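Inspection log for the structure reproduced underneath, given as structure tokens.
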Amino acid sequence: MRETGAIKFAHESSGHALAAFPGFEALDAAREELRRMGLLGVEESGIAFGNVSLRDGMTDSFYITGSGTGGLSALTPQDCAKVVAYDFERNWLRCEGRVIASAESFTHAAIYAMDPQVRAVIHGHNHALWRGLVERSLSTRPDVPYGTPEVAREVQRLFRETNVRTKKIFAMAGHEAGIVAFGPDLRHALDVLIAAGTLSR
């Protein structure tokens, strides 16, 4: 099973299985809701899409579903990675666990770095919602590829130059159908997605 966001960063991993972590049940429940909504899953071509992350306490580290796990019917802590260090300029991150962190890890990392109040980030796919956000200029630039240091810097630009901090949602114009929502917890991030989806109809 492949993931839409091919891994484009250099990474180091502990190689050890990730133990159960605080908040896993909430992350798993949010992922299940996203699957029911069709925002996370696997395409007919076999390409998986969508990921969820949760900040580790008050640190800049975060737990995130692993690359290619969007199509799994059930998730375990071992299907997640903990990102413990990253460097946008070096295009590098270090994680704990046996799976590779999602290709969108830099996007998640940039959001956590820009707003200490954010504790959860969701990346899903929905064409209608994506188009609506792009039309409202709540999006990264179309020439910025996903999974790269460039997209991390573009997320930082959105926080500095737009009202994305209050809207808590944006589209990835260079990643068709890709949308990102975030909030102080997973429930809030999910509600942002649901509300935005209703408005886009």
Side-chain angles (χ1 to χ4, degrees), residues 1-19 21-24 27 31 40 47-70 72 75-125 139-161 164-165 170-176 178-182 189:
M1 184 182 299
R2 295 177 296 144
E3 185 177 30
T4 51
I7 301 298
K8 300 178 180 180
F9 49 73
H11 65 279
E12 299 175 10
S13 177
S14 67
H16 301 300
L18 195 66
F21 53 88
F24 171 74
L27 185 150
R31 179 182 177 276
L40 179 150
I47 298 177
F49 62 92
N51 44 75
V52 186
S53 73
L54 188 66
R55 189 192 289 268
D56 178 28
M58 301 302 293
T59 72
D60 284 336
S61 299
F62 57 94
Y63 297 96
I64 188 168
T65 49
S67 177
T69 59
L72 296 178
L75 194 75
T76 71
Q78 288 72 44
D79 298 313
C80 300
K82 181 180 181 182
V83 176
V84 296
Y86 51 86
D87 189 320
F88 299 146
E89 298 306 317
R90 291 171 54 201
N91 193 27
W92 166 92
L93 64 79
R94 178 184 297 130
C95 56
E96 297 176 357
R98 288 180 177 167
V99 299
I100 300 174
S102 167
E104 295 296 348
S105 291
F106 275 165
T107 302
H108 292 243
I111 295 170
Y112 288 126
M114 291 302 291
D115 190 342
Q117 302 303 313
V118 174
R119 299 188 55 79
V121 179
I122 291 169
H123 169 61
H125 284 194
S139 68
T140 56
R141 296 194 308 269
D143 60 335
V144 176
Y146 59 79
T148 62
E150 289 77 18
V151 79
R153 287 190 283 271
E154 181 66 358
V155 169
Q156 292 173 327
R157 182 192 67 79
L158 287 176
F159 270 84
R160 289 192 301 267
E161 300 179 6
V164 73
R165 190 186 302 269
F170 62 89
M172 305 179 75
H175 183 28
E176 188 172 354
I179 51 178
V180 178
F182 52 91

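We're numbering straight along the sequence, starting at 1. These numbers come from a predicted model, not from an experiment.
Atom CG of Leu40 and atom OG1 of Thr69 lie 7.0 Å apart (nearest 0.5 Å). We find the CD1-CZ distance between Ile100 and Arg98 to be 14.5 Å, quoted to the nearest 0.5 Å. The CD1 atom of Ile179 lies 12.5 Å from the OG atom of Ser139; values are rounded to the nearest 0.5 Å.
Applying side-chain contact (heavy atoms from CB on, under 4.5 Å) to Val121 and the options Ile64, Val180, Leu54, Asn51 leaves one that passes, Val180.
Remark: side-chain polar atoms of Arg165 are paired, donor with acceptor, to backbone N or O of Met114 under 3.5 angstrom. Side-chain atoms of Arg119 come within 3.5 Å of backbone N or O of Gly57 as a donor-acceptor pair. A donor-acceptor contact shorter than 3.5 Å links the side chain of Thr65 to the backbone of Val52.
The heavy-atom pair separating Arg55 from Thr59 by the smallest distance is NH1-O, 3.0 Å. Pairing each heavy atom of Phe106 with each of Tyr86, the nearest pair is CE2-CB, 4.2 Å. The two residues Gly70 and Ala48 come nearest to each other via the heavy atoms N-CB, 3.8 Å. When all heavy atoms of Cys80 and Leu75 are compared, the pair lying nearest together is SG-CD2, 4.0 Å. The two residues Ala189 and Ala181 have their closest heavy-atom pair at O-CB, 3.8 Å.
Residues passing the ring-ring contact (aromatic ring centres under 6.0 Å, His included) test with Phe170, sequence neighbours excluded: none. Partners of Glu154 according to the side chain to side chain donor-acceptor pair (under 3.5 Å) rule, which considers only residues two or more places apart in sequence or in another chain, are Arg141, Arg157.
Of the N and O atoms on the side chains of Ser102 and Glu104, not one donor lies less than 3.5 Å from an acceptor on the other residue.
In this structure, His123 and Thr107 have side chains that are not in contact, with every pair of non-hydrogen atoms separated by 4.5 Å or more.
Between Phe62 and Phe182, a ring centre-to-centre spacing not shorter than 6.0 Å is recorded.
His108 and Tyr112 have tilted rings, their planes meeting at an angle from 30° to 60° on a 0 to 90° scale.
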What's the verdict on side-chain contact (heavy atoms from CB on, under 4.5 Å) for Met172 and His125, showing C-alpha distance, side-chain angles and the deciding distance?
CA-CA 10 Å; Met172 305 179 75; His125 284 194; over 6 Å; no
